[in-house]
Each structure stands twice: as structure tokens, then as C-alpha cells.
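Working notes for the structure below.
Labels below follow one simple rule: chain letters A, B, ... track the order of the sequence lines, proteins then strands, and each chain is numbered from 1. Predicted, not measured: the structure shown is a model, and the values here were computed from it.
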Protein chains: 2
Amino acid sequence: MEEAKILLVDDEQDILDILSFNLIKNKFSVATACNGEQAIEKAKEFKPDLIVLDIMMPKKNGIETCKEIRKIPELKDTAVIFLTAMVDEDSEIHGLDVGADDYIPKPIKPKLFISKVNATLRRLTNREARIVFEDLEINRVKFTVSHKGAEINLPRKEFELFALLASEPGRVFLRQEILDKVWGTEVIVGDRTIDVHVRKIRKKLDADFIKTVKGVGYKFEH
Amino acid sequence: MEEAKILLVDDEQDILDILSFNLIKNKFSVATACNGEQAIEKAKEFKPDLIVLDIMMPKKNGIETCKEIRKIPELKDTAVIFLTAMVDEDSEIHGLDVGADDYIPKPIKPKLFISKVNATLRRLTNREARIVFEDLEINRVKFTVSHKGAEINLPRKEFELFALLASEPGRVFLRQEILDKVWGTEVIVGDRTIDVHVRKIRKKLDADFIKTVKGVGYKFEH
DNA sequence: CTCCTATATTATCAAATTATTAAGCCTACT
DNA sequence: AGTAGGCTTAATAATTTGATAATATAGGAG
């Protein structure tokens, strides 16, 4: 799984620094912006999984920014968390109703911050459902494989076989193991069946991600 | 979907009363339990969309209860919100890491409570009033679909099925999942029923937004 | 280098799955 | 009661998928 990308937006450099530090320490990929307008620009290019947005900012406040972000199709699946110094109940409500996923009260406690970030990303789901390489994505939710931009539809067995191999790149799967995991232990099919499926996958992807390990099994290599 | 079902769990009757009152006023369907064990029992039969769980309770505390709930397959899509009197940072963290979706600090502010409930449910079911694409709009309030300007009236089942698929474009919905979400778990209808509805939708919209993933299910693609 | 075994390839058939059509039942409304 | 629309099912057609058999090819042991 690739690292989650997070965009931090706050007008106080101190806050950006401390949050960046904590996020990076936790293996997140971070970008920052210091006002709402910049946030929208950066969000479009950086395509973060999560945006942490201060509510009170010059140029464009967090609420407005969030509203705009929600209108951008490519950012539809991006989560938004507000940072707020206001203890005012109404502003919390306002934030949630505007399409935010959570909010974090200032002063920020780093542990809580990281925990909320994790919880929000987890909820966002499907991070585990995707296997991503540079030019190849296997999406278990969409049941699709895209290679160099082209979306390829593999039939069920082929997809399962490919997804299995790709789930642990480099590892060799024994034939028996493949049979067990893709076909199940009850069904009995001949060994040639695997070959045929491998062949079909290779042909459809037009690239040899699947390597034969003679006498042993197959492995995925990128 | 009908009204959202919410299970309230707290050992203080006062709290149950006030929350029930507010929820019912907002058209939610409510059940209550006064400790963790009872909560799990009731959750199994009531199948709530959301469980509001007090952390400190006799018999079984909220955290433990949440962990158990997360293990029950039929409740895997159920959201959990914690009620907590503790301002302690660690308990918040613990709650979120245990699979909860949010927490609400006591003392409870009714407006915030309802707002969080709504936000959580919205996130959960991803059901916004309108789903809009370039030339297609699905309006859950009016129960209408407009395609290229023309307004099409889909009957209930067809509408629900279409709206379900469109709620997460690209994602494949398993047949069983479709049956559960559109028909409910009690009703039993044959698999062909789904096909027939799909066919009707395709015909009425005169465009193939619904794609078949053979052996798996259907998905919406724009 | 040759044989032997494992895998690759191709074509074909059977099985599984979905599409389509039509018909019947039920409900809401007149 | 009559009617229309909506929902489900049954029956049948159309498709797609999966598995095998048969044949070709490759790779390693000796």
C-alpha cells in the first residue's frame, strides 16, 4: 500500500511545522498551504487523501474552502478534517454539515491528531482494496485492473489469480497454494487450468508481470 | 432506506431519555440498552445503523462492547459513536482505534449530538440528497432521475437500486449486497429479480450506466 | 546434445451466469 | 369493482466463463 497523502492548511507556520513533523514521523506524505485559495490549488495537483483545514484563515476561511473542495469531482473521495480554536458549538455543527469528516479542537494534541487522522483514513476505506504500482493498479472494489491508463476487465478467476499473486510481489506461490486460494479446497481442477489462466492474463495485460518458477509455481514481479 | 435505526446504550436512564427524545423528534427510530451485554443482544435483533455507546458502563464497558460489535458480521456496516465524560486524551484515542466512528463529549449538547449523528450516518451510507454527474442527476428527495434534461420517474425498487449503485461509482456491488440493501435481509427474492430491474433501468435511461460484472455483481459507471 | 518433464498454447465444449420476454399477482387509486 | 402500475417469477435465449484435451515448446539433468 502506498502512503497516504495529507494536505495541511493553516496560516500559522508553527502549526504546519509541528503537524508536518508528526505526520512524517508516522509515514505520511505531506504537503502544506497557508490559506484557502492556495489549498484548493495544491489539492488539485497533490490529490491528497485527506485535507486538514484550519477554519480561521485569511483569503478564504476553512468552511468556504471545504465547500469548494466538495464541488471538485476529483476530490470527491478526499476526507476533510477541521482544525478549530472555537469552542463554539455552532461552528462545529457548521463544519460537519458542510461536508467535513471530523474536527480537531485547538490546542492540538499530537497523539489525538494522529489517531483521528488514522481513524478518518481507515473510514475512507478501500486503501487496502487497492494494489498500486507505477503503471498498474488492481482495484478489488471495482474489480478492475488498469495498466498504463487502460482499464482492463478480467473475468473472475483471472482477476482473483492475478490479485493473489500481486498481493505479495516477488513471493512464489506454489501451484497447490494457488489452487487452494483461488479455487478452494473442495473443487478439484487440473494443473493445466492454472497455466491457461496465467496465459490469458499475460495476453490481456500485454506485459509479463507473472513469472514462471518452473517446478514450483508463479510469482508476480513488477 | 427507511428511517435510520439508532441504538442508544447508557446506564443512566436520564441520558437515554433525553437522547431518545431528541432523536425521535428528528424522525429516527430508536432502541435502548443499559449496559454492554444488553447492547450486543439488542444490536443483533434490532440491526441499527448507528450505535451510540457510553464508555463507562457496568457489565461491559463501551470499548469492549465496540470491539465485540466489530466482530459481528451482520453489524460490520454499523457505525459506532462513543459518549464519553472523560476529557482524557487517551480514552479518545482508544475509542477511535477500536473501530468507533466518532465520539461525543459529555455533557451532551443536543444540537451537536444530532448533527454528529447525521454526519456519521451520511458518511456511513454515503447518501446525499442528490447525486449529480454531467448529464445525470439522481434526486433522492424527489425520487427522480434526470438524464440529459429529461426527467424520468423510476418506480421505487428501480430507483433504490440505481441510487445504490450510483452512490459509489465504479464499485462493484455483490448481488447479495444489493439484495440486502435494496430488499432488506428479511425479504427473499430470487436473483433474477435484480436482472429484471437492471434491465428496466437500462431501458428507461436508454444509456448503459450499469455495468455487469459477471459472477460478481453490478456497478455504476459514468 | 538428447531426453524427460514442466509449462505454454490453442481450440473446443460444458457449465455457469445473465438478458430478455411475458405473464401473474398484488396494491393503490379511481 | 375496475384499472394501471409495480414487483416477482418462470421460462427461454444469449453470453461469458472456466476446464480440459491435445499439441507444441522450453528448460534442465545427465
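- Every pair passing salt bridge (Lys or Arg N to Asp or Glu O under 4.0 Å) that includes a residue from residues 178-187 of chain A is listed here, sequence neighbours excluded: A:E177-A:K181.
- Rounded to whole angstrom, the span from the CZ atom of B:R199 across to the P atom of D:dT12 amounts to 18 Å.
- The side chain of B:W183 contributes an N or O atom lying less than 4.0 Å from OP1 or OP2 of D:dT8.
- A salt bridge (Lys or Arg N to Asp or Glu O under 4.0 Å) check over residues 210-222 of chain A, counting only residues at least two apart or in different chains, returns the pairs A:K219-A:E221.
- Taking the ring axis of B:F46 as reference, the NZ or CZ atom of B:K5 stays within 45° of it and closer than 6.0 Å to the ring centre.
- Note on B:K203: nothing from the nucleic acid sits closer than 4.0 angstrom, heavy atoms only.
- Recorded end-axis angle for the helix from C:dC1-D:dG30 to C:dT30-D:dA1 stands at 30°, based on five pairs per end and rounded to 10 degrees.
- Looking at which nucleotide of DNA chain C each of B:R175 and A:R202 is closest to, the 5′-most match is held by A:R202.
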Base versus backbone protein contacts along nucleotides 21-30 of chain D [heavy-atom cut-off under 4.0 Å; B, S, -]: -----BS---
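- Residue pairs meeting the side-chain hydrogen bond (donor to acceptor under 3.5 Å, both in side chains) criterion with at least one partner in residues 155-164 of chain A, sequence neighbours excluded, are A:E158-A:K204.
- Tested against B:K60, the residues B:Q38, B:E68, B:E37 include a single side chain to side chain donor-acceptor pair (under 3.5 Å) partner, B:E68.
- In this entry the distance linking NZ of B:K204 with P of D:dG5 reads 10 Å, nearest Å.
- Between B:H222 and B:F209, the ring planes are parallel. Angles under 30° get that label, and only those over 60° would be called perpendicular.
- Outside the 6.0 Å centre-distance limit, the rings of A:Y218 and A:F173 are not counted as a close aromatic pair.
- Using a 4.0 Å cut-off between charged nitrogen and carboxylate oxygen, A:D135 and A:K148 do not count as a salt-bridge pair.
- Listed pair A:T193 / D:dG18 fails the phosphate criterion, with no side-chain N or O lying under 4.0 Å from OP1 or OP2.
- Backbone-only contact: B:Y218 has heavy atoms under 4.0 Å from sugar-phosphate atoms and none from a base.
- Using a 30° and 60° split on the angle between ring planes, A:W183 and A:H197 fall in the perpendicular class, above 60°.
- Phosphate contact (OP1/OP2 of D:dG6, side-chain N/O of B:H197, threshold under 4.0 Å): absent.
- Of the two residues contacting DNA chain D, namely B:K157 and A:R156, the nearest-nucleotide position lying further toward the 5' end is that of B:K157.
- Bounding nucleotides for the chain A contact on DNA chain C, 5' to 3', at a heavy-atom distance below 4.0 Å, are C:dA6 to C:dT10.
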